[in-house]
Amino acid sequence: DGNGFVIRNLTYSTTAVVNYVGLFGYTSNATIQNLGLESVNLSTGGLYIGGLLGYQNNGTITNCSSTGSITASISSTSNTVPTPYVGGLIGYQNNGTITNCHSAGSVTSSITAVYTCASYSGGLAGTQASGTIINCYSTAAVTSSAFTSSYKSYAYAGGLVGCHSGTISDSYGTGSVNAHVSPGDAYCGGLVGQSSGIITHCHSTGDATSSVSYANSATSYSYAGGLAGYSYSTITDCYSTGTARANTAAYSYGYAGGLVGYHDQGAITGSYTTASAIVTAQVSPCCGIYAGGFVGYQAHSMITNCYSSG
């Protein structure tokens, strides 16, 4: 229990592969509460990095905050490629609950590899594998980049969570969000980059931009949504206002939607967007571009009592 105290200028910087980096590196069934961090500066070449916590395995985090710069940068020539999970508050959530927490500043993850690779960045959490996030927010600017010389890369970026499989409620993100791959698939959303969980009473206001700068024989995809880049989840009573932009290269697909770029399965109910949706084909030929005021592309799903005015 931090008893409301604030820790300032927490700093750690290395280019080495150091994993589980934060005020706490790894916790299991722990309770962390009433603690703030200001002017954090963390930079490493490892995995699981967050201002407060690198990896949460169960447990609870309540009334905590983190502001500052969180960065992971990895270069790999190995066929066993590490994956950075970077968040303003926590790097990776595996079960557990995060309540009444917030983050601000900048969150950046990047990887350059010879083989298939992935990068995850979120304003609050890099990845939520499972668990619950309630009444939280992030104003952090988020960037996720993944580059490979011969295979395929994946980048996930979200204003609140990069990749989400649990439950998020009564939360929001306001920062600008960018996901960039070359070649591969980019997932970018004002709230979440990719979602396969439940999102309720949430909103986002930041711009979301996904980019594919090069596509080889493996077809690439660029997904951008005001709220979620790619969703096969349930979204209820949510809204977005930021611009969603999907940039494509030759032999790639682009999907941009004011609320969701690509919605596959699940249901969207009682939600709206005032965002603009733009798909830019940078190089011809392009496999396909899809832009929608509400959803860029819908498959196997339902949309009820929703509207778009962007």
Side-chain angles (χ1 to χ4, degrees), residues 1-14 17-72 74 82-109 119-140 142 144 156-168 171 173 175 192:
D1 190 334
N3 288 316
F5 282 90
V6 175
I7 297 172
R8 295 182 175 90
N9 302 314
L10 174 67
T11 301
Y12 180 80
S13 179
T14 179
V17 179
V18 178
N19 304 326
Y20 305 104
V21 175
L23 178 65
F24 303 100
Y26 179 100
T27 63
S28 183
N29 297 304
T31 297
I32 304 172
Q33 60 188 9
N34 306 320
L35 179 61
L37 292 95
E38 294 180 359
S39 301
V40 174
N41 189 353
L42 302 179
S43 178
T44 177
L47 322 180
Y48 309 118
I49 301 119
L52 178 72
L53 174 60
Y55 191 109
Q56 179 194 28
N57 183 41
N58 294 307
T60 61
I61 301 173
T62 307
N63 298 330
C64 293
S65 64
S66 174
T67 69
S69 174
I70 316 294
T71 302
I74 297 174
T83 300
Y85 299 91
V86 186
L89 191 76
I90 74 168
Y92 193 100
Q93 181 190 26
N94 181 40
N95 286 318
T97 302
I98 304 172
T99 307
N100 299 334
C101 294
H102 65 271
S103 62
S106 64
V107 178
T108 305
S109 67
S119 169
Y120 297 80
S121 289
L124 191 82
T127 288
Q128 181 195 41
S130 55
T132 304
I133 295 174
I134 305 170
N135 197 34
C136 295
Y137 72 88
S138 175
T139 64
V142 179
S144 179
Y156 302 82
L160 193 76
V161 180
C163 187
H164 143 74
S165 299
T167 298
I168 302 175
S171 300
V192 296

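The basis for the numbers below is simple: all heavy atoms, side chains too, and nothing from hydrogens, waters or symmetry mates.
- Closest approach of Y120 and G126 over heavy atoms only: CB-O, 3.9 Å.
- For the residue pair A157 and S144, the shortest heavy atom distance occurs at CB-CB, 3.9 Å.
- When all heavy atoms of S165 and A129 are compared, the pair lying nearest together is CB-O, 3.2 Å.
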Check residues 89-96 and write down every donor-acceptor pair under 3.5 Å in which the side-chain atom is one partner and the other belongs to a residue at least two apart or another chain.
{"residue": "Q93", "atom": "OE1", "partner": "Q128", "partner atom": "NE2", "Å": "3.2"}
{"residue": "Q93", "atom": "NE2", "partner": "Q56", "partner atom": "OE1", "Å": "3.4"}
{"residue": "Q93", "atom": "NE2", "partner": "G96", "partner atom": "O", "Å": "3.2"}
{"residue": "Q93", "atom": "NE2", "partner": "T132", "partner atom": "O", "Å": "3.4"}
{"residue": "N94", "atom": "ND2", "partner": "N57", "partner atom": "OD1", "Å": "3.0"}
{"residue": "N95", "atom": "OD1", "partner": "S130", "partner atom": "OG", "Å": "2.8"}

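- Considering SG of C101 and CG of L53, their distance stands at 10.5 Å, rounded to 0.5 Å.
- Between the S109 side chain and the S119 main chain, no donor and acceptor come within less than 3.5 Å of each other.
- Here L124 contributes atom CG and S65 contributes atom OG; the two are 10.5 Å apart, rounded to the nearest 0.5 Å.
- Side-chain atoms of L47 and I74, non-hydrogen and from C-beta on, do get closer than 4.5 Å to each other.
- When side chains are defined from C-beta on, C64 counts as touching I32, because their heavy atoms get closer than 4.5 Å.
- Not a single donor-acceptor pair under 3.5 Å links the side chain of T71 to the backbone N or O of T108.
- A104 and T139 make their closest contact through CB-OG1, 3.2 Å (heavy atoms, listed as atom of the first residue, atom of the second, distance).
- For the pair S103 (side chain) and S138 (backbone), a donor-acceptor distance under 3.5 Å is absent.
- The heavy-atom pair separating V40 from G51 by the smallest distance is CG1-CA, 4.3 Å.
- To the nearest 0.5 Å, the span separating CG on L42 from OG on S69 amounts to 8.0 Å.
- Judged as a side-chain hydrogen bond (donor to acceptor under 3.5 Å, both in side chains), the pairs with a partner in residues 37-55 (not counting sequence neighbours) are, in order, R8-E38.
- Residues L37 and L10 approach most closely at CD2-CD2, 3.7 Å, considering heavy atoms.
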Working for side chain to side chain donor-acceptor pair (under 3.5 Å), residues T62 and T99: CA-CA 5 Å; T62 307; T99 307; 4.8 Å; no
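- When side chains are defined from C-beta on, L23 counts as touching L35, because their heavy atoms get closer than 4.5 Å.
- In this structure, the separation between CG on L52 and CD1 on I61 is 5.5 Å, given to the nearest 0.5 Å.
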